[in-house]
Colleague: 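Starting off with a structure, shown below.
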Amino acid sequence: EAGVAQSPRYKIIEKRQSVAFWCNPISGHATLYWYQQILGQGPKLLIQFQNNGVVDDSQLPKDRFSAERLKGVDSTLKIQPAKLEDSAVYLCASSSQGFNQPQHFGDGTRLSIL
Amino acid sequence: GENVEQHPSTLSVQEGDSAVIKCTYSDSASNYFPWYKQELGKGPQLIIDIRSNVGEKKDQRIAVTLNKTAKHFSLHITETQPEDSAVYFCCRGSNYKLTFGKGTLLTVNP
């Protein structure tokens, strides 16, 4: 089966600009996650969707980050305006519906803020 | 809390030796413990997972053990190979949410 697809792979922007990332989960996976991975750390959950509804966005900086999952398939994560500390890899993962289902990750988007 | 502590942060072994990575957690609600391998420029790849009703699980050269009373779990890799070199993350999960450790950089020297 095809894995989780993310684009772009790399993005370089200046602070205060906006940026968007796209994710296409594994076909049939109801649950989609966005993680932020800062260099040298483990991934940190930003937001979790179940179909097109938000399950958990408690760690999403809502003053600048937004995410949507229209039609319960693809998802976009947006940052506006970007800050220097947003430099990180943004990972998308998906899983089947249900408790503690294995999460499968894409290769991420590496974001650099100048 | 929800944190998971992972040790060591770096581990260097000779090819053919065993490698052990240990993690501890404090949240009694944790009931799912996956391990991920991350290679440079790639996303984390699930290599093995264990649930709280199981004490040990093995898949070829990889094994995980869980001591729920002591709240710690470990990853064991036997007969290490250079292609095992990567960053390994332990995780704790409850319901839908995963919390990752800070990772262990494993280097297998030929």
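Excluded from the calculations below are hydrogen atoms, water molecules and symmetry mates; all remaining heavy atoms, backbone and side chain alike, are included. Each chain gets a letter, A, B and so on, in the order its sequence line appears, and its residues count up from 1.
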Colleague: Considering only heavy atoms, which portion of Ser9(B) lies under 4.5 Å from any heavy atom of chain A: side chain, backbone, both, or neither?
Modeller: neither
Colleague: Please check if atom CG in Leu39(A) has more than 12 non-hydrogen atoms from other residues, nucleotides or ligands closer than 6.0 Å.
Modeller: no
Colleague: Should we count NZ of Lys68(B) as having more than 12 external heavy atoms under 6.0 Å?
Modeller: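 Yes - once you tally the heavy atoms of other residues, nucleotides and ligands closer than 6.0 Å, there are more than 12.
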Colleague: Out of curiosity, does Val20(B) fall in the hydrophobic cluster containing Ile62(B) (side-chain heavy atoms, cut-off under 4.5 Å, transitive links)?
Modeller: no
Colleague: Checking heavy atoms, do the side chain of Pro44(B), its backbone, both or neither come under 4.5 Å from chain A?
Modeller: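 When you check distances to chain A, atoms from both the backbone and side chain of Pro44(B) fall under 4.5 Å.
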Colleague: Name the region of Gln38(B), side chain, backbone, both or neither, that has any atom closer than 4.5 Å to a heavy atom of chain A.
Modeller: side chain
Colleague: Over all heavy atoms of both residues, which pair between Gly41(B) and Arg9(A) is shortest? Give the atoms and the distance, please.
Modeller: O-NH2, 2.9 Å
Colleague: If you count heavy-atom pairs under 4.5 Å with chain A, which of Thr99(B), Asp49(B), Asn31(B), Leu46(B) comes out on top?
Modeller: Asn31(B)
Colleague: Around Lys71(A), counting heavy atoms of other residues, nucleotides and ligands shown, do more than 12 lie under 6.0 Å from its NZ?
Modeller: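 Not buried by this count: 12 neighbours or fewer within 6.0 Å.
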Colleague: Verify side-chain contact (heavy atoms from CB on, under 4.5 Å) between Gln103(A) and Tyr36(B), making sure each step is shown before the conclusion.
Modeller: CA-CA 10 Å; Gln103(A) 295 185 24; Tyr36(B) 284 86; 3.5 Å; yes
Colleague: Please round to the nearest 0.5 Å and tell me the distance separating atom CG of Leu91(A) and atom NZ of Lys42(B).
Modeller: 13.0 Å
Colleague: Would you give the length of the straight line joining atom CZ of Phe89(B) to atom CD of Gln37(A), rounded to the nearest 0.5 angstrom?
Modeller: 5.0 Å
Colleague: Within the supplied structure, the quantity of interest is the number of heavy atoms (other residues, nucleotides, ligands) at a distance under 6.0 Å from Glu85(A) CD; does it exceed 12?
Modeller: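 Result for CD/Glu85(A): enclosed.
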Colleague: Where on Gln97(A) is there a heavy atom nearer than 4.5 Å to chain B: the side chain, the backbone, both, or neither?
Modeller: neither
Colleague: Measuring from atom OH of Tyr35(A) to atom CG of Leu98(B), what distance do you get when rounded to the nearest 0.5 angstrom?
Modeller: 4.5 Å
Colleague: Return the NZ to CG distance between Lys97(B) and Asp56(A), rounded to the nearest 0.5 Å.
Modeller: 5.0 Å
Colleague: Group every Ile, Leu, Val, Met, Phe, Trp and Tyr by side-chain heavy-atom contacts under 4.5 Å, then state whether Leu84(A) and Tyr90(A) land in the same group.
Modeller: yes
Colleague: Measuring from Asp107(A):CG to Glu39(B):CD, what's the distance to the nearest 0.5 Å?
Modeller: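 CD of Glu39(B) is found 10.0 Å from CG of Asp107(A).
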Colleague: Are more than 12 heavy atoms, taken from residues, nucleotides or ligands other than Gln41(A), located less than 6.0 Å from that residue's CD atom?
Modeller: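 Yes, because the 6.0 Å sphere around CD of Gln41(A) holds more than 12 heavy atoms from other groups.
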Colleague: Would a single hydrophobic cluster contain both Ile79(A) and Phe49(A), if residues Ile, Leu, Val, Met, Phe, Trp and Tyr are joined by side-chain heavy-atom contacts under 4.5 Å?
Modeller: yes
Colleague: Non-hydrogen atoms of chain B under 4.5 Å away: do they reach the side chain of Thr109(A), the backbone, both or neither?
Modeller: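 Answer is neither: Thr109(A) stays 4.5 Å or more from chain B.
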Colleague: According to a 4.5 Å side-chain heavy-atom criterion applied to Ile, Leu, Val, Met, Phe, Trp and Tyr, with indirect links allowed, do Val89(A) and Ile47(A) form part of one hydrophobic cluster?
Modeller: no
Colleague: For chain B, find which of Ser95(A), Cys92(A), Gly98(A) contributes the most heavy-atom pairs closer than 4.5 angstrom.
Modeller: Gly98(A)
Colleague: Given that the side chain runs from C-beta out, which part of Arg110(A) has a heavy atom under 4.5 Å from chain B: side chain, backbone, both or neither?
Modeller: neither
Colleague: Under 4.5 Å between side-chain heavy atoms, hopping through other hydrophobics if needed: is there a path connecting Val19(A) to Phe65(A)?
Modeller: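 Yes.
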